[in-house]
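As structure tokens, the structure follows; a few thoughts come after it.
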Amino acid sequence: MTSRIGCRDLRVVARGRELLHVDRLDVAAGAVLAVLGPNGAGKSTLLRALARLGRHHVTGEVLLDGSPAGPREMRRAVAAVLQRPILRRGTVTANAAAGLRLRGVGRADAVRRSVPWLDAFGVGHLGERDARTLSGGEAQRVALARALAVAPRVLLLDEPFAGLDATTRTDLLADLRAVLDGLDTTTVLVTHDRHEARALATDTALLVAGRIRQLGPTEHVLDRPADAACARLVGYTNLLLPAVTGRLAVLAARPEACRVSTEHHDGDGIAVMGTVRRVVPLGGGTRVDVDTAAGTLACLGPGGEGLEPGRAVVVTVAEADVRVLVEDDPALATCGDPADVVHSG
Amino acid sequence: MTSRIGCRDLRVVARGRELLHVDRLDVAAGAVLAVLGPNGAGKSTLLRALARLGRHHVTGEVLLDGSPAGPREMRRAVAAVLQRPILRRGTVTANAAAGLRLRGVGRADAVRRSVPWLDAFGVGHLGERDARTLSGGEAQRVALARALAVAPRVLLLDEPFAGLDATTRTDLLADLRAVLDGLDTTTVLVTHDRHEARALATDTALLVAGRIRQLGPTEHVLDRPADAACARLVGYTNLLLPAVTGRLAVLAARPEACRVSTEHHDGDGIAVMGTVRRVVPLGGGTRVDVDTAAGTLACLGPGGEGLEPGRAVVVTVAEADVRVLVEDDPALATCGDPADVVHSG
Amino acid sequence: MDVLLDGFVQAVQLLLGGDAATWAITGLTLRISLTATVIAAIVGVPLGAAVALTSFRGRRVVLAAANTGMGLPPVVVGLFVTVLLWRSGPLGAFGLLYTPTAMIIAQAVIATPIVVALVAAAVQQVDPDFLVQMQGLGATRGRALAALFGEARLPLLAAAMAAFGAVVSEVGAAQMVGGNLAGETRVLTTAAVLATSRGEFALAIAFGLILLMIAFAVNLVLTLVGQRQAVPSR
Amino acid sequence: MDVLLDGFVQAVQLLLGGDAATWAITGLTLRISLTATVIAAIVGVPLGAAVALTSFRGRRVVLAAANTGMGLPPVVVGLFVTVLLWRSGPLGAFGLLYTPTAMIIAQAVIATPIVVALVAAAVQQVDPDFLVQMQGLGATRGRALAALFGEARLPLLAAAMAAFGAVVSEVGAAQMVGGNLAGETRVLTTAAVLATSRGEFALAIAFGLILLMIAFAVNLVLTLVGQRQAVPSR
Amino acid sequence: GSPAAAPSAERSLILATTTSTQDSGLLDDLLPAFTADTGWQVKTVAVGSGQAIELGRRGEADVLLVHSPDAEKKFVAEGTAGRRLLVMHNDFVLVGPPADPAGIRGTGVADAMTRIARSGAVFVSRGDDSGTAAREKALWQQAGVTPGGEWYQETGQGMGATLRVAAEKAGYTLSDRATYLSQSAGLTLLNEGDPGLLNVYHVIEMTTKAGNRVQPEAGAAFADWITGPAAQQRIGEFGRAQFAQPLFVPDAGKPEPVP
Ligand SMILES: Nc1ncnc2c1ncn2[C@@H]1O[C@H](COP(=O)(O)OP(=O)(O)OP(=O)(O)O)[C@@H](O)[C@H]1O
Ligand SMILES: Nc1ncnc2c1ncn2[C@@H]1O[C@H](COP(=O)(O)OP(=O)(O)OP(=O)(O)O)[C@@H](O)[C@H]1O
Ligand SMILES: [Mg+2]
Ligand SMILES: [Mg+2]
């Protein structure tokens, strides 16, 4: 399968700071690549750089169908949904049609082709409304409809479901998946939601501080983080250092997998000694932060009733719930860079 | 405990349409009320009406400490974080201090009091940056810091964690919970995330089409939806009507709890016959939509390999996973309205 | 005060009575000032947009010059253009002095800084991501800019009106480069000045009122054009 | 062309040579036009902001009037104010005609519609939720408005410059209500006109250049004030 | 006015006069002396003769200094004015392109006007009801010509501007000698000296009949002063240094000239 969109040695610099540096990225025709990363990692910057949008200083090449492409070619191929829904003055219908209108499609035709998308995103009944009176989620839906109506070869989505209510989100995930399967569209999806990545993306890239730290099939990336930063990103936020585990490698675990108890039960798994720093009751469960000899561990789960700060406790994790990390060596930071094209699912 | 903020017969009308009508709402001092609702339900409208902000036509009373309050009193008591982070031109530090500055605090003092909040939200290092160059999540954090620096008596948060990365979000939930426990602040939190509601809110209100449909302790509201709309909102999106279940009442179930099989195994629970409408593979599982005699059911889970559209199947749900709904009678729509004050946790 | 009333009555009489000279003067005024405004827009809109959207060298200088240029005294512009167009001047060969063309040139010079400064201010106020989003939907640079102008249509309208208002109402340059020749270069403002110097104050007021009607009509047309694809007021 | 060069030389000589009359005229020009601009701002900024932010009855009328009013011919305003201030006029008792006060009144009338129209356009362009967010942080209406003006400071600056530029450079009203009395109401524009009518073109150009310097200085001061708490350019 | 000017503002009069007296610089020479002699501050409103007389008629001026005899007589006859006194004269001249295509050099003025009209050469008129324009109209009348058409152009502007237009269009025009001397603009003096070209200035004092805020004593003071010996001498001297000839001839007390 060939690469639909990609880049080589892509660097974005603003005021002397390098915001992004991607050596190599390729996304195959029909594939969906999820990009996960902490706030400020450069996800939106990457999306804009790929579409050759915006005013930052960008060097390197963007590839479309394998050959370098300038802003003109990119603009013809791409439709982007920015992080904030940016609508024009005018009605919802006019906004939904704007993508096609901006590509030179006639007014009537553009409206005819975009209205079904408004319906698909559940805002068809708002057609005559002034776009500036929409609620946050409604505006986000209109922005999505506008981009999809274009039926672009490359779809760039920046946290497209952020403002949507949970139920719609679940439904849309399924709908969008079905739609994308039917279109010849390559999608790059920026998201903070691992479930979204899992549901939609064949492959996932973890972006940290402007660098792709890990890239591969979504299931693998989400379950087998390569280093500490990646682990943090996919929910393995507790780092268990050799100093406290006695193991050779650094281990990572999810807070949900860590149990706190006042006595040490010998058994399978890992046990770390520490003292309670704070206890935060969080509705469905309690979060207990435990200070250990090497950092603080967060434990999330039911129980934790008898605990108060200062109490000596043991944190236990089952062997199946820990992940072994490669050493967090900056030199290895780009180790996850892809050797070959991200494949369509 | 007395009501810190509340309202009586609050109505918001725009262009002849009633966007919101809340008969009665009271949130106690120190309590956190979560407001859940689909997009366009009127959540943001409610928040603004409570703070007496914005240009909509509002009638009814807003109560502060039990007595009717005008815009002036509300403004002194409230700090609001709107759905979109709206920052001023200027540096991040200036923005974080803006809340205090706008309340007449001197520049140096305002900066001194707001900088710790920038640190708390992980954007302390951006202090000198032009606020317009921030990433979406960074801007959201600055907006949060700005509001909390004010140490308001009433904190109104409109989807405050929407743009934040998952890890930060989890950490912030715990931090915020700890902070709020230490302050004499009443919080109204609009969110689409049930986990956020569970973690932070003592009580939860479900808002649908401008009306509060259910209000009570968070655990209860999330687990015992009163009617179909509420059920949909808290994830019980599959409605099982008497026509297909043979029961007297309408039942609701989560897609995750519904299993599809090709043969009918007699056993505990409910079984509904239908035909497969579509099969959508969603990373970690497969979503199968099944057409039944009374509506479509979504089933989410592993498996579903051998299914194709048109195939006759059976959807089964365990008895423990279904919820009984009161009849979805519009007259009962406000049945959930509170008799007494929402209590602090 | 009766002078003002007389002026109003006279304005109505002149227009409705079909006074040919008045209609000719009115027509010439419109033609000259609209042409000058259009020329100023052709030069000023791209420059103003460039100042707002790009960061070329000398951007600040252009902006400062435009802001300062809004204080360009018409009399001095008139003198300047006159000196250029004098027979002995560098452009004397064209014989443009005391023609409507000369007036258009002078008024375009007056209007251009106004357009540049106000367009820059208007465009600068639009969300910086607006252009990005439009291009992200596949718009060419031209189409994206058109969308941007549509978005900033209210302040752009105000800019156009400010420029047109400035030139249609000024008299210094019109007088000096046009010469106020009856039937050739006499426009409403110079006619009003002449009426004043003749002591016919009511007539002067009448010309002023006709001028205001023109300004109102242009404003109306611009507003209607601007609101063609507009939305209900917010 | 040498006239222009002469004008430049003469401008420098007049200013640096410390010609007292020139300095007095320059000072008077600044005083009158700045005062008029400030008055126009005091009237026009609230009105413009109200037009942009609230939806009172007659809002559209005010906006149309302001847009039209940008085309108010100074000559006619001058005549109007003159008629009001005439000894026989309603305000004749104050004896204001041919005083700087009369010039300030006329120039304020000219500048006010400019301020209203451009402020309305500027404020209308700010995110409608901006005010809401400021008030949601506890700002009183006044403080929220101040923040809003800070946000729209670039177009507001342009509005101020447009108003100042219009009045400082106009001559029709200044001439008519001021009378161009030497040492009393002579300002740079009327001095330039007098110089022109005396055929002293270089002197006229010199006055024009001094006027531009004034406009530039005011622009500079406004820009610096505006950028006091400003950010690096985007 | 500034605080310093405030006390004398009590004693300030409004003089409505024609642009020629101001543009030539004569008033700048005379008025300080008048103020020094009488204590009256003068607010000079330099406008066309038509406007000056209109201002007098409305009582907006205390005294007029104008040069449009026919209009003046009509105005005085209305009865609101006081004395009308002869102050000075200079003369009008016919100027035109050096080539003189109409051949008016040395002819009588009526003849000259007819020749210009016949030749089709451009004639630029002020057309602004000023004294000059009024005189020009009278000259056409005397010559029996009704001006109009392509060759006859009206500027509606002051003398200086009209001279410049005439120069630019290579046309003829009628100018007062003072303005022509200061702004010849490339035109040649072609015809002068005819009695019909006399340009006579009168001072007219206004009375309260024109308006109750008129200050008759101020008007009288100015009229008396400018027709007095000191002022007359100044008038006779004015311009001698710069142009080697006086621009105005003092006439106070002499009989009315008959044009
Ligand atoms: N002009 C600029 N100067 C300096 N830094 C900038 C500039 N513009 C953006 N940045 C920084 O670049 C980083 C990457 O920004 P970007 O918007 O790509 O983040 P992101 O990964 O999309 O974050 P989020 O999840 O919050 O949306 C951020 O830290 C941002 O503050
Ligand atoms: N001026 C208006 N005219 C008509 N309808 C309006 C107006 N302003 C808002 N609305 C509608 O009111 C409803 C409530 O809006 P609101 O912003 O409160 O929704 P919300 O619950 O916050 O939704 P979201 O989850 O998308 O933020 C929306 O359907 C919106 O379109
Ligand atoms: Mg982003
Ligand atoms: Mg909302």
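Below, chains carry the letters A, B, ... as their sequence lines are ordered, and counting in each starts from 1. What you see is a predicted model, and the numbers here were worked out from it, not measured in a lab.
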- Interface residue of largest heavy-atom contact number with chain B, from A/Gly122, A/Pro38, A/Ala162, under 4.5 Å: A/Pro38

- So, the part of B/Arg169 with a heavy atom under 4.5 Å from chain A: the answer is neither

- Any sub-3.5 Å donor-acceptor pair from B/Asp165's side-chain atoms to A/Leu233's backbone N or O? no

- Is the shortest side-chain N to carboxylate O distance from A/Arg278 to B/Asp175 below 4.0 Å? yes

- Task: Mind listing the closest non-hydrogen atom pair of B/Asn39 and A/Ser135 along with its distance?
- Result: C-OG, 4.4 Å

- Query: Which bit of A/Thr237 comes within less than 4.5 Å of chain B, counting heavy atoms only: side chain, backbone, both or neither?
  - Reply: side chain

- Item | Distance (rounded to the nearest 0.5 Å) between B/His192 NE2 and A/Leu164 CG | 7.0 Å

- Note on the structure: Okay, A/Asp193 and chain B: the region with an atom under 4.5 Å from a heavy atom over there is neither

- Side chain, backbone, both or neither: which part of A/Arg254 has a non-hydrogen atom closer than 4.5 Å to chain B? neither

- Considering only heavy atoms, which portion of B/Asp289 lies under 4.5 Å from any heavy atom of chain A: side chain, backbone, both, or neither? neither

- Query: In terms of heavy-atom pairs under 4.5 Å, which option from B/Asp171, B/Leu200, B/Thr168, B/Leu126 contacts chain A the most?
  - Reply: B/Asp171

- Note on the structure: Most contact-rich option vs chain B, by heavy-atom pairs under 4.5 angstrom, among A/Ala201, A/Ala14, A/Gly163, is A/Gly163

- Message: So for B/Arg287, is it side chain, backbone, both, or neither that comes closer than 4.5 Å to the heavy atoms of chain A?
- Response: side chain

- Bottom line for A/Thr133: the part with an atom under 4.5 Å from chain B's heavy atoms is side chain

- Item | Interatomic spacing from CZ in B/Arg17 to CZ in A/Arg129 - rounded to 0.5 Å | 5.5 Å

- Check: A/Thr167 side chain, B/Arg232 main-chain N or O, donor-acceptor pair, under 3.5 Å: yes

